[in-house]
Amino acid sequence: MSAENPAAPGRDEHYLKVFRRHFRAWRGTRPFWAGLFVLLGGVPIMYFPYANLQVGQLTLAMATTAGAGSLIIGVLLVVLGISLWFQKHVRVFAGVAAILLALVSIPVANFGGFVIGFMLALVGGAMAVSWAEGARERPQAAQPTVPGPDDDAPGDVDPGTPGDQVRESDYLSKSPGNEANGRHSAG
């Protein structure tokens with residue numbers, strides 16, 4: 001490779017650039033950020049009930065009577081987050097389940113992992129429910145042209161006849177099936 005020969009995309013590039021481009025393309029076709037938020041929301045929910053915090057010489061044990069319940073909620077949130085990455089067609093189910101598990105974690109798992117896990121799971125679940133795959137670009141249909149008063153194309157109507165002129169408002173008042181730009185007429 002020299003200054004005269006630029007790098008060919010995908011062949012002469014560094015492997016990290018290729019990996020980053022492929023990861024970006026993969027990430028764009030699924031609710032990646034929703035899955036990440038749900039997954040990260042499950043970690044504090046399952047961690048804090050089993051953690052011992054040291055404050056100087058004082059040991060704080062956060063264990064609750066429902067420690068197993070918080071572990072189950074946390075593991076389920078992690079699994080839902082991973083399933084959002086690899087099974088994008090279950091996004092609505094996983095999003096609703098993440099929201100419900102986040103709400104259940106408030107009384108069960110130390111206020112939802114001290115509200116950190118609750119908020120992450122709640123936001124991630126909402127993002128999963130609202131995610132929609134991007135629309136593919138379609139070729140643009142030819143737009144109808146509105147002849148102006150100065151156009152003298154063959155077959156045009158005589159501009160001197162007032163009832164035969166085509167106005168822009170005529171195109172905008174047709175039904176949507178007739179390329180009306182989405183506007184409806186009242187009559």
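As the structure is a computational prediction, the values presented were derived from the model and not from experiment.
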Out of curiosity, [X] [atom1] to [Y] [atom2], how far, rounded to the nearest 0.5 Å?
{"X": "F37", "Y": "M127", "atom1": "CZ", "atom2": "CE", "value": "5.5 Å"}
{"X": "H89", "Y": "L84", "atom1": "NE2", "atom2": "CG", "value": "11.0 Å"}
{"X": "L71", "Y": "L76", "atom1": "CG", "atom2": "CG", "value": "9.5 Å"}

Quick check on the hydrophobic clustering: are [X] and [Y] connected, directly or via other members, by side-chain heavy-atom contacts under 4.5 Å?
{"X": "M119", "Y": "I73", "value": "no"}
{"X": "F86", "Y": "L39", "value": "yes"}
{"X": "L120", "Y": "I82", "value": "yes"}
{"X": "F93", "Y": "V96", "value": "no"}

Is the number of heavy atoms from other residues, nucleotides or ligands under 6.0 Å of R20 CZ greater than 12?
-> no
Would L122 and I99 count as a side chain to side chain contact (heavy atoms under 4.5 Å, CB included) if you check the C-alpha gap in whole Å, the side-chain angles of each, and the deciding distance to 0.1 Å?
-> CA-CA 5 Å; L122 197 67; I99 291 170; 3.8 Å; yes
How about W131 and F32: are their ring centroids closer than 6.0 Å?
->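 No, they do not, as the ring centres are separated by 6.0 Å or more.
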Is the ring centre of F111 less than 6.0 Å from the ring centre of F48?
-> no
If I compare all heavy atoms of [X] with all of [Y], which pair ends up nearest, and what's the gap?
{"X": "P44", "Y": "I116", "answer": "CG-CG2, 4.2 Å"}
{"X": "L103", "Y": "F118", "answer": "CD2-CE1, 3.8 Å"}
{"X": "M46", "Y": "V78", "answer": "CE-CG2, 3.7 Å"}
{"X": "S105", "Y": "I45", "answer": "OG-CD1, 3.6 Å"}
{"X": "V92", "Y": "V129", "answer": "O-CG2, 4.1 Å"}
{"X": "W85", "Y": "L36", "answer": "NE1-N, 3.6 Å"}

From CA spacing to verdict: ring-ring contact (aromatic ring centres under 6.0 Å, His included), F19, W26 | CA-CA 10 Å; F19 174 76; W26 175 81; 9.8 Å; no
Give the intermediate values and the outcome of side chain to side chain contact (heavy atoms under 4.5 Å, CB included) for residues L101 and L80.
-> CA-CA 10 Å; L101 286 171; L80 287 172; 3.9 Å; yes
